**Q** 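Quick one: the structure is below, questions incoming.
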Amino acid sequence: MRLEREFYTRADTLLVARELLGKLLVVPAAGGERVSGRVVETEAYLGAGDKASHAFGNRRTARTETMYAVGGTAYVYFVYGMHHQFNVVTGAEGSPHAVLVRALEPAEGLELMRLRRPVKDDRALTSGPGKLCRALGIDRSFDGADLTGGRLWLEDDGARVRPGEVASGPRVGVAYAGEDALRPWRFWNKGNPFVSRR
DNA sequence: CAAGTGATTAGC
DNA sequence: CTAATCACTTGC
């Protein structure tokens, strides 16, 4: 079942980041074929008060504008000249919180993923934020897309992640964020081989 | 370990 | 306008 607006608009972004683990991210291919992966790693970005967030201090620019949209909107941006990053906007409209999806366990459409990302080992297919965007075909044309609409979405297929299987720790690549760099706002499935390596 | 790549941003 | 930076990946 597709996640609905109410899942995303809750005020507790850390809770949404944890509950996103185990959900299926689905991006249908041009032919309609389902290409999907199960979320195994996320990071929460807590808006205006979070030094690591693009929206720190309520910064509003052309890029960050999407973060101010209502929960359940896709925030996709481009970094390092070659990689896209897929985020889920959370909370109410005007509150720039978001959750970065850092890694997936491939579920459907593996052949297409291997075509888009020729790697020796399937573990390298979606085990990183840039990798999974490439494998699922997510680019900036998805920025601002409605996750309760039709181009891409997250769904609950009944799989459950027990609290004991969830680990948390500092976020990756945010050393510039001072004391916020140490906050344990990264969540992952303990022992899952598709979690990005560090 | 460092290069690569180009959008984005802050600072003139 | 210019220069620095960047929520990364890959290959040496």
Side-chain angles (χ1 to χ4, degrees), chain A residues 8 13-14 16-18 20-21 25 27 37 39-69 71 73-91 95-106 113-145 147 152 154 167-189 192-198:
Chain A
Y8 302 106
T13 299
L14 294 173
V16 176
R18 272 194 303 267
L20 242 15
L21 295 175
L25 174 59
V27 186
V39 179
V40 297
E41 182 180 355
T42 61
E43 280 179 359
Y45 286 84
L46 270 44
D50 178 2
K51 288 201 177 91
S53 172
H54 291 164
F56 175 62
N58 273 318
R59 187 165 57 178
R60 267 188 123 112
T61 64
R63 179 178 66 166
T64 63
E65 195 55 35
T66 311
M67 297 188 81
Y68 293 84
T73 302
Y75 169 46
V76 181
Y77 66 93
F78 191 62
V79 271
Y80 297 116
M82 42 183 99
H83 306 296
H84 294 278
Q85 310 275 300
F86 169 74
N87 300 250
V88 171
V89 175
T90 64
S95 158
H97 287 220
V99 175
L100 169 68
V101 175
R102 285 195 56 89
L104 303 173
E105 175 168 343
M113 290 190 202
R114 294 188 192 105
L115 225 54
R116 290 165 170 168
R117 265 186 63 71
V119 289
K120 288 201 190 91
D121 189 330
D122 280 353
R123 275 176 305 186
L125 237 28
T126 54
S127 54
K131 299 177 188 177
L132 71 91
C133 283
R134 186 69 184 265
L136 298 208
I138 298 173
D139 59 24
R140 276 178 306 170
S141 73
F142 287 87
D143 184 43
L147 295 172
L152 82 170
L154 282 139
S168 64
R171 294 169 293 181
V172 173
V174 296
Y176 58 85
E179 69 269 25
D180 285 338
L182 301 173
R183 304 198 185 282
W185 293 345
R186 169 176 175 240
F187 303 94
W188 66 93
N189 282 19
N192 187 290
F194 294 92
V195 169
S196 71
R197 60 184 154 67
R198 275 272 94 197

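Quick caveat: nothing in here was measured; it's all calculated off a predicted structure. Note on naming: letters A, B, ... go to the chains in the order of the sequence lines (proteins, then strands), and numbering restarts at 1 for each one.
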**Q** Evaluate whether the aromatic ring of Y45(A) and the six-membered ring of the dA7(C) base sit under 5.5 Å apart, centre to centre, with an inclination under 30°.
**A** yes
**Q** So if I apply the ring-ring contact (aromatic ring centres under 6.0 Å, His included) rule between H54(A) and each of Y77(A), Y176(A), Y68(A), Y45(A), which one comes out positive?
**A** Y77(A)
**Q** Please check the phosphate of dC8(C) (OP1 and OP2 only) for any side-chain N or O of R102(A) closer than 4.0 Å.
**A** yes
**Q** With respect to the side chain of Y80(A), which nucleotide from dC8(C), dT9(B), dG6(B) is positioned closest?
**A** dC8(C)
**Q** Heavy atoms only, 4.0 Å cut-off, all strands: where does E43(A) land among base, sugar-phosphate and nothing?
**A** nothing
**Q** Using the closest heavy atom to pick a nucleotide of DNA chain B for each, name whichever of R140(A) or M82(A) lands nearer the 5' end.
**A** M82(A)
**Q** In this structure, how many angstroms lie between the C1' atom of dT5(B) and the NE2 atom of H84(A), rounded?
**A** 12 Å
**Q** Tell me the interatomic distance from Y176(A), atom OH, to dC6(C), atom P, rounded to whole angstroms.
**A** 7 Å
**Q** Side chain of H83(A) only, please: which of dT9(C), dA7(B), dA7(C) is the nearest?
**A** dT9(C)
**Q** Grab the CG-C1' distance between D143(A) and dA7(B) for me, whole Å please.
**A** 13 Å
**Q** Nearest whole angstrom, please: distance from the P of dT10(C) to the CZ of R117(A).
**A** 4 Å
**Q** What's the CZ-C1' distance between R171(A) and dC6(C), to the nearest Å?
**A** 15 Å
**Q** Taking CZ from R123(A) and P from dT9(C), how many angstroms apart are they, rounded to a whole number?
**A** 16 Å
**Q** Side chain of V172(A) only, heavy atoms from C-beta on: which candidate in dG6(B), dA7(C), dC8(C) is closest?
**A** dC8(C)
**Q** Would you call L14(A) and L46(A) a side-chain contact if the rule is heavy atoms closer than 4.5 Å?
**A** yes
**Q** By nearest atom, which of the nucleotides dT9(C), dA10(B), dA7(C) is closest to the H54(A) side chain?
**A** dA7(C)
**Q** How long is the line joining NZ of K51(A) and P of dA7(C), in whole Å?
**A** 16 Å
**Q** Can you see if the side chain of T61(A) gets near the phosphate of dT8(B) - specifically, an N or O under 4.0 Å from OP1 or OP2?
**A** no
**Q** So which nucleotide does dA3(B) pair with, by the Watson-Crick or G-U wobble rule with both distances under 3.5 Å?
**A** dT9(C)
**Q** Going through the distances and angles, do E43(A) and R102(A) end up as a salt bridge (Lys or Arg N to Asp or Glu O under 4.0 Å)?
**A** CA-CA 7 Å; E43(A) 280 179 359; R102(A) 285 195 56 89; 3.7 Å; yes
**Q** Under 6.0 Å between ring centres, would you say that holds for H84(A) and F142(A)?
**A** no
**Q** Separation of K131(A) atom NZ from dG11(C) atom C1', in whole Å?
**A** 13 Å
**Q** Just do the side chain to side chain donor-acceptor pair (under 3.5 Å) check on S196(A) and E41(A) with the steps written out, would you?
**A** CA-CA 8 Å; S196(A) 71; E41(A) 182 180 355; 3.0 Å; yes
**Q** Please state whether the base of dA7(C) and the side chain of Y77(A) form at least one donor-acceptor pair under 3.5 Å?
**A** yes
